[in-house]
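Structure first, then comments.
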Amino acid sequence: MKKQLLYILCLLVAGQMTVQQALAQGETTTRIVLEHGAHGGKRTDAAMQHWREYGLGQFIHWGVYAIPGGQWNGKTSTYAAEWFRTSGLIEKSEYDNLYKQFNPTDFDAKKWAKQAKQMGAKYMIFTTKHHDGFCMWPSKYTGYTIANTPYKKDIVKELVDAYTAEGIDIYLYFSIIDWSHKGYQANAPKTEADKARYETFKTFTRNQLIELLTNYPQAKGLWFDGSWDKAWIEQAAWVDDLGKELRAMSPGLIIGSRFRADEFGKRHEDSNGDLIDDYDQRFERNLPNSLAELKGNDWDCVMTIPENQWGYHRDWSLSYIKTPYDLIEMMVKANALDGNFVINFGPDGKGNIRPEETTIANRIGDWMAVNGAAVYGTHHSLLDKQDWGYSTQKDNNIYLSVFNKPMNNLVRVKLPKSKTKENVYVIDNAQLLSTKAPVQINGEGKTGTYYRDKTGASYYDLIIPESIRTSTQPFVIVIQLKEVDKKNQDDYMQAII
Ligand code: JFZ
């Protein structure tokens, strides 16, 4: 804002406009020239289009923090288990030596990938390096890696290969925060010595990112975290150049809005309000409520199953555990607002995905096997948000995902006003997605069971089929619409199945 005022003042001083003109522009069109803000608008290339169609993804947080699993010497941390090094329950030096015991003998990348595939995930984000700095790949730029554990093998490679074989795209999570590197600093370095140290950290970070893209060319994108440090934000120009370098290495590379700031320190959205990089990474454990909030930006939401646990925590009694139903509802809500939904898993120190997580994944997969068409490749539908649930659309199909089943077993669907004055939308066809059985409209063939309101919207009551009335699962009805002349009742009624 200050910068905007300055810009307006400059124009006034230069005599290029009147105060009124300047204020009017300040309100509406004044934009700051940014060198390191958003570059270009929304991506239209095939890689990004593919990203938009995922619908559901999997996140995996795995590292040495899985050994303590939130507990040490009989004490439990209620804070996020992957932050255990800072819990005060373990000496930092002790934590920093845990990797010498990291030996996940039960780890089976193929088993994880098969489970993710059954769940219906189309992409997977893996923590190559979390804030503690431990590398799950054998980085040649530090000794603090999987190569120096009893396990030795390259976990990132195993996962990239296994998930790629299952047709699941891989994204590499990378934390800018690195507590293991001597040059790392959170605060902006002030002294020459600190600045020089930070230069070593920048070089190290760049080397590691280039190494990751070189070693794992299958990676479709980078998922950055821990980029909120003042020290990193100050490096806007350098980080921007690094992003360009990484993109040049890997055409189509997808990077979210948590990588870099603009030259005024603005993150996610630059000083002009434009989204930085490819998609909005702000919706963490938190979903938007309306399309308006999203400003047309691409976005995803990453979600934990317990309250705030990403890494493995032994004690799952500490918080509410989201059910498959909760997660399916959040996913469809995200899809209905043009977002991808990503569910996090935190495997244990031996390499097992905990049984509770496996059950949740399986139940979601069972639902996806039947109803996935409502999720994959869909976007927000032309219907308003309605009380029974969420609607998504792909081509002419509108998927009504019903979460709140009305007591009278009638799903009242409000169809929007038609684009043309003379016409009205009617339901041309309605089916239960699971069985393809036709769904009847209440009062078929008679007038009065549907109506139009003053706005020109029309309403239909779809009869929930007997076969699913006692089911506890959300169900999907797929409809197609048709526009008919509202003056012509015959035509109007014929259109109804
Ligand atoms: C970060 C990490 O600190 C955490 O351990 C986990 O990896 C998660 C995915 O990312 O935590 C954050 C980051 C950003 C927000 C909240 C927690 N945020 O923007 O609200």
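Atoms within each ligand, like the ligands themselves, are counted from 1 in listed order. The first residue in the sequence is number 1, and the count goes up from there. What you are looking at is a predicted structure, and each value in this text was computed from that prediction instead of being measured.
Residues N352 and Y312 have side chains that never bring a donor and an acceptor to within less than 3.5 angstrom of each other.
Identified under the salt bridge (charged side-chain N to carboxylate O under 4.0 Å, His left out) test for residues 217-228, with sequence neighbours left out: D225-R258.
Counting heavy atoms of neighbouring residues, nucleotides and ligands inside a 6.0 Å radius, atom NZ of K157 does not exceed 12 of them.
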Tabulate distances under 3.5 Å between N/O atoms of ligand 1 and N/O atoms of the protein, writing both atom names on each line.
{"unit_1": "ligand 1", "atom_1": "3 (O)", "unit_2": "W83", "atom_2": "NE1", "d": "3.0"}
{"unit_1": "ligand 1", "atom_1": "3 (O)", "unit_2": "H131", "atom_2": "NE2", "d": "2.7"}
{"unit_1": "ligand 1", "atom_1": "5 (O)", "unit_2": "E82", "atom_2": "OE2", "d": "2.5"}
{"unit_1": "ligand 1", "atom_1": "5 (O)", "unit_2": "W83", "atom_2": "NE1", "d": "3.0"}
{"unit_1": "ligand 1", "atom_1": "5 (O)", "unit_2": "H130", "atom_2": "NE2", "d": "3.1"}
{"unit_1": "ligand 1", "atom_1": "7 (O)", "unit_2": "H61", "atom_2": "NE2", "d": "2.7"}
{"unit_1": "ligand 1", "atom_1": "7 (O)", "unit_2": "H130", "atom_2": "NE2", "d": "2.8"}
{"unit_1": "ligand 1", "atom_1": "7 (O)", "unit_2": "Y173", "atom_2": "OH", "d": "3.4"}
{"unit_1": "ligand 1", "atom_1": "7 (O)", "unit_2": "D225", "atom_2": "OD2", "d": "3.2"}
{"unit_1": "ligand 1", "atom_1": "10 (O)", "unit_2": "D225", "atom_2": "OD1", "d": "3.4"}
{"unit_1": "ligand 1", "atom_1": "10 (O)", "unit_2": "D225", "atom_2": "OD2", "d": "2.8"}

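With R43 contributing its side chain and G252 its backbone, the two residues share a donor-acceptor pair below 3.5 Å. One N or O on the side chain of K322 and one on the backbone of T304 form a donor-acceptor pair closer than 3.5 Å.
Shown here for S381 and S391, the closest heavy-atom pair between the two residues is OG-OG, 2.7 Å.
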